[in-house]
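In what follows, chains carry the letters A, B, and so on, assigned in the order in which the sequence lines appear, proteins first and then strands, with residues in each chain numbered from 1.
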Protein chains: 2
Amino acid sequence: MGDAVDAVMDAWRRERPDVDIWPVGVVGRIQRLARLLEAEIQDFFRRYGLDNSEADVLTTLRRSGEPYELTPGRLVKASMVTSGAITKRIDRMVAKNLVERVPDAVDRRTVRIRLTLHGRQTIDDLFALHIANETRLLQALDRDQADGLANTLRTLLQSLGDTSLT
Amino acid sequence: MGDAVDAVMDAWRRERPDVDIWPVGVVGRIQRLARLLEAEIQDFFRRYGLDNSEADVLTTLRRSGEPYELTPGRLVKASMVTSGAITKRIDRMVAKNLVERVPDAVDRRTVRIRLTLHGRQTIDDLFALHIANETRLLQALDRDQADGLANTLRTLLQSLGDTSLT
DNA sequence: TATCGGTATCTTACCAAGAAGAGGAATGAA
DNA sequence: TTCATTCCTCTTCTTGGTAAGATACCGATA
């Protein structure tokens, strides 16, 4: 009848009836869903020789528009990982010819990370399929439910300070 | 006005107007929220000398009820990490005197992971505070919104096969 | 204009944690 | 007894975090 989180909540109500554990129903489900969705999306990209971290960088660069290049600092802000992790991601992706490092003529502290033609083609070929896959993962929701869910989640994100990528 | 995911979606509508990217509004927000919430919860437990992985094991054992012991296999199912990760978690927690390994007289392949008195007291002392912290993280939602959110997320989880922990 | 301290940006080195998969002991069924 | 299965552990690999380092820029001051 219920999901895994219902089982967790039932156990807590038995063991700690003194605590109202309603937040678990939200926080626990968000965390479990994030893991399940990430695993599914990982499976999808792996079929095409990519992993989530690479897809993350490719999509961020692609949606930034021409000329498909951003500094590592911008990638850090978009990715929710640290600068050291981004440096290593870029190293791996350069080795796979997905991106290239281009010196910045104006500010020599920075580098521009640019999609290669191969990287551009890879993400452009995959993007519609990726969205179709996410659509499949959400097929249990009708459009109204999905909209309501997105709105409630936006409220939560904003309250936690997740206002912008810049 | 919007959150970070709105910015992502705007960019995609500009760059790939041929693709209806509505699922991003749900999947992207679940993933960002999971990271933000995990970081907040990590901060909370770190103040008391624990990390998320330890708190995960402590809460799983505690809510299982007397005598507060489970096999590593059960912990694997509850935790969404691999068996090797659980072995290492237990090693660390034994070193911190939070749990102990108790041989199983019936089936000598298995071990019972049991809360020590210190582990039991640690999680019992922290649990109400932990729930209060989660309540704070969700304070942007009123109770109806939270209930609706939990229900929609349950629908999603069940559709993805997350039916039980056993 | 030259210089100096502070700041910004990326990279590097080291460490912690989990994934993947092999290994080994114990169980149970034929 | 034998052999497949179950269960935990161990080893190796990958990834990310942390913190320090290197280089470049900038602004104030003389």
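- With rounding to the nearest 0.5 Å, the separation of CG in B/Leu153 from CG in A/Leu149 is 5.5 Å.
- Between A/Asp6 and A/Arg29 there is a salt bridge, since at least one side-chain N of the basic residue sits less than 4.0 Å from a carboxylate O of the acidic one.
- Each of B/Ala105 and B/Arg89 was matched to the nucleotide of DNA chain C holding its nearest heavy atom; the match closer to the 5' end belongs to B/Arg89.
- Bounding nucleotides for the chain B contact on DNA chain D, 5' to 3', at a heavy-atom distance below 4.0 Å, are D/dT6 to D/dC10.
- Residues passing the ring pair (Phe, Tyr, Trp, His ring centres under 6.0 Å) test with B/Phe45, sequence neighbours excluded: B/His130.
- As judged by a 4.0 angstrom heavy-atom cut-off over every strand, B/Val76 is placed among residues making no nucleic acid contact.
- For the 3.5 Å distance criterion, the side chains of B/Gln158 and A/Asp3 fail to qualify, holding no donor opposite an acceptor.
- Taking a 4.0 Å limit (strictly below) on heavy-atom distances, residues 38-52 of chain B does not reach DNA chain D anywhere.
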- [ ] Summarise how protein sits on nucleotides 9-14 of chain C as a single string, 5' to 3': B when a protein heavy atom is under 4.0 Å from the base, S for sugar-phosphate-only contact, - for no contact.
- [x] SSBB-B
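- Proximity of a side-chain donor or acceptor of B/Asn133 to a complementary backbone N or O of B/Leu129 within less than 3.5 Å is not detected.
- No contact: A/Arg112 has no heavy atom under 4.0 Å from any strand.
- Under the 4.0 Å criterion applied to side-chain N and carboxylate O atoms, B/Arg89 and B/Asp56 are assigned as salt-bridge partners.
- Residues satisfying the side-chain contact (heavy atoms from CB on, under 4.5 Å) criterion with A/Thr82, sequence neighbours excluded, are A/Ala85.
- Separating the CE atom of B/Met80 from the C1' atom of C/dA17 is a distance of 17 Å, rounded to the nearest angstrom.
- Salt bridge present: A/Asp10 and A/Arg13 bring a charged side-chain N and a carboxylate O closer than 4.0 Å.
- Here B/Arg108 reaches the OP1 or OP2 of C/dT27: one of its side-chain N or O atoms lies under 4.0 Å away.
- With sequence neighbours left out, B/Arg112 forms a side-chain hydrogen bond (donor to acceptor under 3.5 Å, both in side chains) with B/Asp104.
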